[in-house]
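Because only heavy atoms are used, hydrogens play no part in the values below, and waters and symmetry mates are left out as well, while side chains stay in. Numbers restart at 1 for each chain; the letters A, B, ... are given by sequence-line order, proteins then strands. The structure displayed is predicted, hence computed values, not measured ones.
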Protein chains: 2
Amino acid sequence: MEHRLDRIKKQLHAQSYKLTPQREAIVRVLLEREEDHLSAEEVYLLVKEIAPEIGLATVYRTLDLLSELKIVDKINFGDGVSSYDLRKEGAKHFHHHLVCTECGSVEEIVDDLLEDVEKIVQNDWGFQVKDHRLTFHGVCRVCQEITVKAT
Amino acid sequence: MEHRLDRIKKQLHAQSYKLTPQREAIVRVLLEREEDHLSAEEVYLLVKEIAPEIGLATVYRTLDLLSELKIVDKINFGDGVSSYDLRKEGAKHFHHHLVCTECGSVEEIVDDLLEDVEKIVQNDWGFQVKDHRLTFHGVCRVCQEITVKAT
DNA sequence: TATTAGTTTATAATTATTATAAATACAAAC
DNA sequence: GTTTGTATTTATAATAATTATAAACTAATA
Ligand SMILES: [Zn+2]
Ligand SMILES: [Zn+2]
Ligand SMILES: [Zn+2]
Ligand SMILES: [Zn+2]
């Protein structure tokens, strides 16, 4: 964890931003809960446990800054709340998501499944791809089994 | 246009919803502006021109209903506002988008580029795909040319 | 006609997010 | 070590999008 924190610190410094105590606290929360998809409010509540004096606006500001630097990705699963998701170490593109419409769970796919598709988009549409958002909606493994049992 | 309106009317009736005058007005606006990606507020303003007595809440309710029936798709391009997008005639899946980070334009890709990827998700992750959202962020053809000229 | 269920309107309320101004922290210059 | 300037944070207010509520309306039904 300290390793990744260090890298992020360097990324901030590279753009002449500082890793203030508040920013560090926020990044620590994001690292600890990497598998989750936290909203700004959730980050705020978790950060308050280790840095109680922090303000919600600071959380929004910091998450915004981290988004700009491509350290986190902001994503909206359609419920009106933005989630903030740490980029995987060294990842060029945002990872993909599987959202279960039954139980609401969110799985992650780290492999880049879009390389071929991006080539097509580049060649056939002349669009220079910089990043992507791919989310599948459907039924997760667990919920499929439940459905089978129920019948 | 009347043809598609008729189909939508049938889809509503099939779930025992009525095509009220307000709903019809909203659908007409969506059909007329099919190439656009309108927000609820924009739909509201356009509908007011042909049905001035309509209320904003009715627009939200109707767009919600049309989303449920998969007649429109609700999508968020990351600016905090939901856009509503008519499904193409007979399309099983939501179409894809190319969002230009330079000029903000939104292009559509109607071809389903994800068939292979969905097979992988299905087989390797055991996830039963029902629908998807795919958006590419990058530089559109026009902005690429501008950049070339500028250098 | 009276009743009922579904729908819409107008308005208020809620929620997420952003803007503002004053306070604070901190590094560089003196 | 103090001063000065800039970046950052806090607390609060404001904004914008969306949803909830209650009263009114519509159209079908008994
Ligand atoms: Zn599930
Ligand atoms: Zn994720
Ligand atoms: Zn462009
Ligand atoms: Zn579209």
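Scored by the side-chain contact (heavy atoms from CB on, under 4.5 Å) test, B:Thr58 finds B:Gln22, B:Ile54, B:Arg61, B:Thr62 as partners (sequence neighbours excluded).
Across every non-hydrogen atom of A:Phe94 and A:His132, the tightest pair is O-NE2, 2.9 Å. Closest of all the heavy-atom pairs between A:His97 and A:Val106 is CD2-CG1, 3.7 Å.
Two residues are said to be in side-chain contact when any heavy atoms from C-beta on lie closer than 4.5 Å; B:His37 and B:Tyr84 fail this criterion. Side-chain contact check for B:Arg141 versus B:Glu107: every heavy-atom pair is 4.5 Å or farther apart.
Between A:Lys18 and A:Glu24, none of the side-chain N atoms (NZ, or NE/NH1/NH2) sits under 4.0 Å from a carboxylate O, so this pair counts as no salt bridge.
Going from atom NE2 of B:His13 over to atom P of C:dT7 covers 10 Å, rounded to whole Å. For the pair A:Asp64 CG and C:dA16 C1', the interatomic distance rounds to 13 Å; values are reported in whole Å. For A:Glu42 and C:dT17, the CD to P distance is 11 Å, given to the nearest whole Å. Protein atom CD of B:Glu24 is 15 Å distant from nucleotide atom P of C:dT7, rounded to whole Å. Taking atom CZ of residue A:Arg61 and atom P of nucleotide C:dT24, one finds them 16 Å apart after rounding to whole Å. Rounded to a whole Å, the CG atom of A:Leu63 is 15 Å from the P atom of C:dA16. The CG atom of B:Leu65 sits 12 Å away from the C1' atom of C:dG6 (whole-angstrom rounding).
Taking only side-chain nitrogens and oxygens, B:Gln22 comes nearer than 4.0 Å to OP1 or OP2 of C:dT9. OP1 or OP2 of C:dT17 has at least one side-chain nitrogen or oxygen of A:Ser82 nearer than 4.0 Å. Between A:Tyr60 and C:dT18 there is no side-chain polar atom (N or O) within less than 4.0 angstrom of OP1 or OP2.
In this structure, B:Ser39 reaches neither bases nor backbone, as no heavy-atom distance under 4.0 Å exists between it and the strands shown. At the heavy-atom level, B:Glu53 lies under 4.0 Å from the strands shown only through sugar-phosphate atoms. Counting non-hydrogen atoms under 4.0 angstrom, B:Ile54 reaches the backbone sugars and phosphates but no base. At the heavy-atom level, A:Thr58 lies under 4.0 Å from base atoms of the strands shown.
First and last contacting nucleotides of DNA chain D toward chain B (any atom under 4.0 angstrom from a heavy atom, 5' to 3' order): D:dA17 to D:dA20.
Using a distance-only test at 3.5 Å, with no hydrogens or angles considered, no donor-acceptor pair links the side chain of B:His93 to the main chain of B:Asp112.
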